[in-house]
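Taking it in order: structure first as structure tokens, then the write-up.
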Amino acid sequence: MSAVRSLRKLSRAALLGATPRDSLPDAIEHVAKVHRAHHPRADLRPLRRAYMLAESSHRGQMRKSGEPYITHPLAVTLLLAQLGAETTTLTASLLHDTVEDTAVTLEQVRREFGDQVCYLVDGVTKLEKVDHGSAAEPETFRKMLVATGNDVRVMSIKLADRLHNMRTLGVMRREKQVRIAQVTRDVLIPLAERLGVQALKSELEDLVFAVLHPEEHAQTRELIRERHTRPDPLTAFASRVRRTLREAGITAQVLIRPRHTVSVHRLRLKRGQLGDCDFARLLVLVDEDADCYAVLGELHTCFAPLVSEFKDFIAAPKFNLYQSLHTAIADENGEVAEVLVRTRRMHRVAETGVIALGDPHAAEVADPAEPDGGGAAPPNADGAGERTDPTRPGWLSRLLEWQSHASDPNTFWRELRDELAQDLEITVYCAAPGGAGPAGGALPLPAGATCVDAAYARLGEAAHRCIGARVNGRLVALTTVLRDGDALQLFLEPGHGSPSGPSPEWLEHVRTPAARLAIREWLAAPGRGDADPQESAAATDRDGAPREHAPAAAEPPRGEPRPPHRGARHPEHRPARHTAQDARQNGAHRTAAHREQPVQYGENIPVVPGHPGTPVRLARCCTPVPTDAVTGFPVRGGAVTVHRESCRSVARMASAGRLTLPVRWEQGDVGCRVTLRAEAFGRPHLLADLTEAIAAEGAAVVSADVEPPREQRVRHTYTLQLPDAAGLPALLRAMRQVPGVYDVTRSVRRTAAN
């Protein structure tokens with residue numbers, strides 16, 4: 001293995017002693033050669049000085065394997081050089097253990113190598129167990145993650161450091177091997193995946209697999225060895241693909257890319273039995289993005305594609321910068337090959353992730369093939385005090401946000417593992433609360449996140465006031481799981497007074513530590529988490545005290561939700577019970593619901609021209625009111641039923657050949673009756689507030705019906721008597737402005753088709 005041979009060379013060179021002052025030490029010459037392959041004009045002087053300081057500081061220290069300790073920072077630096085890291089990262093890598101294990105101080109590093117190198121070295125320096133006890137490991141990772149938030153190169157060095165330690169783990173006793181492998185599996189491998197450093201992640205997975213599952217590892221390795229004893233059908237497959245692309249005039253490189261051990265193991269668990277083509281994939285590399293789709297077109301034209309295997313990660317990159325086209329094709333013999341198509345730059349980023357992006361503090365992210373400057377401005381040194389870092393992904397920003405609220409190291413450690421256990425990330429588009437539409441800024445979340453997670457990620461503690469959500473234009477429960485690309489709109493109760501707060505049930509559905517910690521902190525406050533939430537809501541109603549309502553907000557467009565009243569602890573806890581209690585407790589004008597009221601105004605009667613005295617009645621399916629365009633249908637007994645012309649029953653009966661009669665509104669008496677349906681988020685006092693709004697517009701409640709709540713929402717249906725049909729628009733506006741009501745419409749009863 002080339003990596004092992006390289007490390008042996010480094011070990012021998014490290015024992016040879018000093019070198020002439022102006023030349024590179026033999027031990028670092030190989031590192032410099034690899035580095036120059038990626039950065040031809042890199043300044044190697046910082047590497048020489050860093051090696052000299054590291055070698056002299058670690059002199060006399062030995063690793064448990066018996067090698068000089070300097071071989072470890074050399075090996076870590078070689079790993080990073082092979083991945084294309086720039087000079088600053090390699091300089092810090094050579095020094096990464098000096099402050100922790102030698103007499104070298106951070107101030108000395110800063111004085112000799114500058115702020116950036118000092119920051120990186122400090123970021124990977126472990127905290128002392130003497131000072132932190134059992135909290136040393138979680139607090140070290142917390143410190144490292146915070147440093148990574150300012151410069152992702154900190155984590156690049158840590159990942160390379162862990163990989164070399166895992167390679168040499170065999171000298172440790174079994175218990176320590178298992179402990180280190182578990183932390184690597186739970187924390188560092190997910191971090192490597194999220195940073196897109198697949199080259200490190202794949203080998204770490206295989207090394208951890210060998211330690212934690214030695215039997216399965218041995219079985220999988222035996223499968224791979226057995227496969228290598230037979231001819232590889234992918235060789236002929238690759239030749240056919242090369243010929244196909246060459247004939248199409250597409251310049252491409254076609255490679256056979258073997259799966260690593262864990263990948264083979266996972267595929268075997270998924271499929272049960274592996275074919276000869278399952279141990280590797282074809283990798284097609286091209287120069288331009290457009291060439292990727294040209295290759296895809298040729299492959300799908302000349303071979304039989306498996307449509308279910310196609311994925312386009314170029315148009316929609318993964319959260320860890322990964323871009324590629326995935327497909328699978330079959331030849332005439334039924335052999336199936338999985339194919340990855342990407343540009344060379346995409347391949348470089350797929351292998352090395354954020355390392356390929358270079359210095360995150362540079363004004364622009366340069367191509368990794370370009371020479372680096374080696375010493376840019378220190379972290380957070382832009383003019384605004386905030387740097388723009390394209391290498392700081394959404395998951396890292398989320399993690400940095402919630403970790404600041406996890407003061408307990410054990411809570412941080414547990415939540416960190418839970419957060420990193422999420423394999424995927426999604427992006428939803430979340431509108432600001434109260435916005436007129438669902439469009440909004442991109443919000444990255446872990447897969448499986450709910451509307452509650454989105455609320456806390458977007459709003460912080462203001463999410464305690466969240467009482468509803470709309471996803472892709474449809475109202476949903478707050479516990480609804482979001483999918484990639486969803487458009488989300490959150491609705492909050494008014495900002496006056498104390499928020500109703502989250503429900504304990506939310507904890508069963510949230511996926512993000514930020515949401516869990518915020519909810520737990522709220523519920524842990526005295527008097528919040530002990531009582532049953534339904535009893536608490538009922539007690540709020542039983543006090544019977546009038547509440548001062550927040551001023552109504554400006555009316556959003558028709559059909560958009562309004563911020564509900566602040567009185568509910570959680571909207572799904574029996575709002576129908578609360579509204580019934582309201583009607584009994586809040587005065588005579590609020591008792592109109594649930595019983596018939598005398599008609600206070602004369603009806604505006606429709607008449608059939610030419611047929612005076614004909615009995616006319618309004619259809620209950622569409623409840624027409626004056627100014628509506630109407631038509632009539634004769635029914636038994638000589639009466640005429642009047643429908644709105646837009647009523648679906650009109651089209652159905654007319655198509656069935658039913659006789660229609662013209663109808664007009666009589667201009668004598670005034671007043672009309674109408675049925676309205678109010679859709680709202682359930683909360684206490686909703687019925688009382690609606691009937692109060694209705695009464696304020698001069699309408700009388702003839703009857704009211706409240707349906708049982710469903711998914712935090714409740715529907716009220718009112719039959720109302722208006723003094724004048726012209727007042728209907730104002731009534732609709734007034735009802736929509738009641739907190740919690742998100743729509744009011746004319747009621748239309750569905751009629752069965754003949």
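The structure presented is a predicted model; accordingly, all values stated were derived computationally and were not measured. Starting from 1, each residue takes its place in the sequence as its number.
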**Request:** Under the side chain to side chain contact (heavy atoms under 4.5 Å, CB included) rule, what do Leu728 and Leu722 come out as? Steps first, then yes or no, please.
**Result:** CA-CA 8 Å; Leu728 181 58; Leu722 281 71; 4.0 Å; yes
Are [X] and [Y] packed together at the side-chain level, in the sense that at least one heavy-atom pair is separated by less than 4.5 angstrom?
X: Val741; Y: Glu679; answer: no
X: Thr675; Y: Leu720; answer: no
X: His716; Y: Leu686; answer: yes
X: Leu732; Y: Pro729; answer: no
X: Thr327; Y: Leu306; answer: no

[atom1]/[X] to [atom2]/[Y] distance, rounded to the nearest 0.5 angstrom?
X: Leu325; Y: Ile314; atom1: CG; atom2: CD1; result: 3.5 Å
X: Leu475; Y: Phe491; atom1: CG; atom2: CZ; result: 6.0 Å
X: Cys647; Y: Arg652; atom1: SG; atom2: CZ; result: 8.5 Å

Under 3.5 Å: donor-acceptor pair, side chain of [X], backbone of [Y]:
X: Arg458; Y: Cys430; result: yes
X: Asn472; Y: Ala487; result: yes
X: Asp186; Y: Val183; result: no
X: Thr148; Y: Met144; result: yes
X: Asp486; Y: Leu488; result: no

**Ring centres under 6.0 angstrom apart (His326, Phe313)** = yes
**Asked** Are Phe681 and Tyr742 near enough that their ring centres are under 6.0 Å apart?
**Response** yes
**Neighbour count >12 (heavy atoms, 6.0 Å) for atom CZ, Arg266** = yes
**Message:** Can you tell me if Arg474 has over 12 outside heavy atoms packed within less than 6.0 Å of its CZ?
**Reply:** no
**Asked** Any salt bridge between Lys143 and Glu139, counting N to O under 4.0 Å?
**Response** no
**Message:** Do the side chains of Arg713 and Glu707 get close enough for a salt bridge, i.e. N-O under 4.0 angstrom?
**Reply:** no
**Request:** Tell me yes or no: between the side chains of Asp453 and Thr512, is some donor less than 3.5 Å from an acceptor?
**Result:** yes
**Request:** Carefully, step by step, assess Glu193 and Gln198 under the rule side chain to side chain contact (heavy atoms under 4.5 Å, CB included).
**Result:** CA-CA 6 Å; Glu193 167 75 11; Gln198 294 296 323; 3.0 Å; yes
**Request:** Heavy atoms only: give me the nearest Leu478-Cys451 pair and the separation to one decimal.
**Result:** O-CB, 3.1 Å
**Request:** Dump the intermediate steps for side chain to side chain contact (heavy atoms under 4.5 Å, CB included) on Ser649 and Cys622, then the final yes or no.
**Result:** CA-CA 9 Å; Ser649 298; Cys622 57; over 6 Å; no
**Prompt:** Which class fits the ring pair His464 and Trp522: parallel under 30°, tilted 30 to 60°, perpendicular over 60°?
**Reply:** tilted
**Prompt:** With sequence neighbours excluded, what pairs up with His509 under the ring pair (Phe, Tyr, Trp, His ring centres under 6.0 Å) test?
**Reply:** none
